[in-house]
Visitor: 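Structure incoming, see below.
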Amino acid sequence: MSGNKSYKSTCSYCGVGCGIIVNKDSKGNLSVKGDPDYPVNKGMLCSKGMNLNYVVQNTSDRILHPEMRWSRNHPMEQVSWDSALDRASAVFKSIIKKHGPDSVGFYVSGQCTTEEYYIINKLTKGFIGTNNIDTNSRLCMSSAVVGYKKTVGEDSVPISYEDIELADCFLIAGANPAWCHPILFRRLENHKEANPNVKIVVVDPRKTQTCAIADLHLQIIPGTDVVLYNAIARRLIEKNKIDKKFIKNHTKDFESLKEKVYETSLSSAAKICGITVNEIKKAALYIGHSMRFISMWTMGLNQSVIGVDKNVSLLNISLLTGQIGKPGSGPFSLTGQPNAMGGREVGGMANLLAAHKDLGNPEHRTQVSDFWGGKKISEKPGLTATEMFDSLNSGKLKAIWIVCTNPVVSLPNSLEVEKALKKANFVIVQDISHNSETTKYADLLLPAAGWLEKEGTMTNSERRISYLYKGVEPPGEALPDAEIIARFAQKMNFEGFDYDSASDIFDEHCMLTKYTNIDISGLSYERLKNEGSFQWPVPSIDHKGTPRLFEDKKFYTSDEKAHFNVPKHTENQSEKVSKNFPLVLTTGRIRDQWHTRTRTGKVNRLDTHIPSPYLEINGVDAFERNIKDGDIAIIKNGRGEVRVKVKFGYDIRKGVVFMPMHWGKILDNDFGRANNLTNNLIDPISKEPDFKYSAVEVIKFKKP
Ligand code: SF4
């Protein structure tokens with residue numbers, strides 16, 4: 001190819017979903033810049049997005065050919081695609097014949113395109129006959145999904161980024177957008193700078209960079225969120241700062257909520273949360289006086305054993321104040337991954353069906369299986385992320401196919417995950433590079449095409465669907481994930497996988513959404529390429545998309561009302577701290593790294609911000625343990641230990657320690673892997689793990 005070429009795409013890191021222009025010069029060198037015309041970022045990019053070209057161009061660790069080993073004692077050897085997929089289909093057929101379809105499972109990623117997600121779901125649920133297909137999005141958004149379903153009847157984020165510039169009050173809970181959703185934060189920061197009267201409340205046990213623009217920081221004790229939101233609700237009711245007309249006409253179960261929140265006085269709530277009564281009153285005052293209020297949240301609420309309770313208690317505040325379905329108002333869960341939302345649209349989880357249809361509804365199951373022309377879809381929900389690895393350990397699940405994710409570093413209780421993979425009869429890993437710690441457990445390694453090497457679509461946090469152009473050829477024999485799955489399905493003799501292109505898969509997905517609440521039957525690749533991105537629903541070919549839901553105050557519940565939900569648990573249900581393990585470990589993300597560093601780890605300049613894993617500890621806790629800033633500490637509990645440098649200060653609550661989750665093995669040891677310490681508890685409904693609360697002890701490391 002000669003001459004300069006430009007391609008439009010969307011950043012493949014976080015759920016903000018910034019528009020990118022990739023330029024390819026005559027020598028094939030790539031450069032990237034923010035797309036000034038893209039409504040999300042208006043030309044801005046953060047450090048990760050700005051360096052995406054280096055990730056694509058650094059192919060040194062890429063998997064270039066299918067690799068296979070005949071037994072665990074044999075080394076991997078290069079094989080052809082045909083041999084690789086023959087082996088995969090032979091092993092899957094034999095295991096399914098002997099143990100049934102529920103003995104195999106697929107574990108995929110919020111970084112897959114919608115088309116990839118769609119086809120893997122179709123294969124698993126519609127043809128293999130199991131619902132054992134789950135995703136690493138389970139680790140970030142599943143509590144929010146349940147919260148929305150219980151409140152507005154469906155997994156539906158009601159608002160858009162453009163609402164940020166219209167709001168006058170924000171409550172940011174369990175999120176650090178300054179580092180984890182940087183461009184969204186920049187919009188927020190600019191808005192606050194231009195309108196100093198805008199109030200921002202941040203709820204977080206750590207004083208993060210996001211607090212720099214906060215009018216009020218509620219530094220609560222981890223796990224006490226529900227008590228706080230109930231207390232704010234009580235104060236709003238007491239002060240008559242609620243929207244009675246909206247509550248009467250458009251909601252259900254207000255009285256049950258009122259009764260619940262009146263059980264706890266503000267002073268008791270303040271004591272439980274570790275803050276002052278005045279702070280609760282101030283938060284309620286800001287929200288109560290606001291004309292347009294937005295709540296934003298992410299992992300701090302979702303990654304909890306009471307994640308659903310935390311979600312519904314926060315959603316209740318938007319309903320109480322009638323701050324939903326109008327400009328500048330509404331609840332806004334921020335997705336972590338670039339296509340966590342697209343995955344949910346195609347039912348990419350063990351308990352969901354395509355097009356937001358309900359797996360528990362026999363009519364919906366029949367509609368989808370008739371549409372696909374495969375098997376009857378099983379009514380039994382499949383294994384979720386952590387359940388899948390537990391089942392490998394117990395021997396119920398025999399084979400797992402892992403696509404585009406690194407569970408050895410990202411799942412909780414990592415040492416058990418490694419054990420599970422060793423125990424599995426057969427492990428397929430389909431990924432772009434060897435630098436994922438999971439690849440070493442593969443019996444079959446399949447080379448996948450990465451971002452910019454294939455076309456597809458993704459949906460960001462605000463329901464915006466964008467088209468991703470293919471700009472470069474994948475290296476070696478790497479193939480788009482959808483093509484790998486389609487070829488495998490054909491080897492399994494399944495019909496309905498003879499797609500000519502990703503566009504055919506997208507059209508099929510769009511057709512299935514017809515007459516549903518996420519109807520995108522008006523979309524096509526042609527429209528996305530010619531007219532740009534669209535926010536769903538887009539129900540006809542002349543429809544321009546839907547920036548805001550529920551403006552007619554008709555919710556997706558059967559009675560069209562929004563439902564108040566009384567949280568089942570107000571008390572935290574996490575593991576208890578003890579004399580031996582008295583500190584609470586919370587894990588999270590840092591500004592310049594992404595997930596388990598399989599991509600950001602390839603860009604040296606992203607290591608200059610924070611080059612290695614660390615432990616953040618309160619100065620008093622450090623002093624009590626004779627630990628100084630910069631010392632090496634051992635952090636341990638009954639599950640494992642890690643050894644990292646200490647960063648001490650007073651931005652974190654006493655009794656709480658923090659570690660970033662990005663690092664896996666360093667120099668052949670796993671001393672930096674935070675998930676050695678995290679626990680197996682999950683929310684009983686959303687099945688999302690409790691990453692934000694593990695009991696640990698910290699001691700100073702002394703060289704032997
Ligand atoms: Fe990419 Fe998110 Fe940064 Fe935007 S904010 S450039 S989507 S990582």
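Note that ligands are numbered from 1 as they come in the structure, with each ligand's atoms numbered from 1 the same way.
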Visitor: Taking all atoms of both residues into account, what is the closest heavy-atom pair of Leu549 and Ser156, and its distance?
Guide: CD1-CB, 3.6 Å

Visitor: Checking Phe658 now: which residues fulfil ring-ring contact (aromatic ring centres under 6.0 Å, His included) with it, not counting sequence neighbours?
Guide: none

Visitor: Are the charged groups of Asp215 and Lys192 less than 4.0 angstrom apart, N to O?
Guide: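 Yes.
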
Visitor: Tell me whether Lys454 is salt-bridged to Glu116, with the criterion being a basic N under 4.0 Å from an acidic carboxylate O.
Guide: yes

Visitor: Report yes or no: do Thr210 and Asn176 form a side-chain donor-acceptor pair below 3.5 Å?
Guide: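 Indeed, the side chains of Thr210 and Asn176 share at least one donor-acceptor pair under 3.5 Å.
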
Visitor: Identify whether the distance between the nearest side-chain nitrogen and carboxylate oxygen of Arg62 and Glu453 falls below 4.0 Å.
Guide: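 Glu453 and Arg62: salt-bridged.
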
Visitor: So how many protein N, O or S atoms does atom 4 (Fe) of ligand 1 have within less than 2.8 Å?
Guide: 1

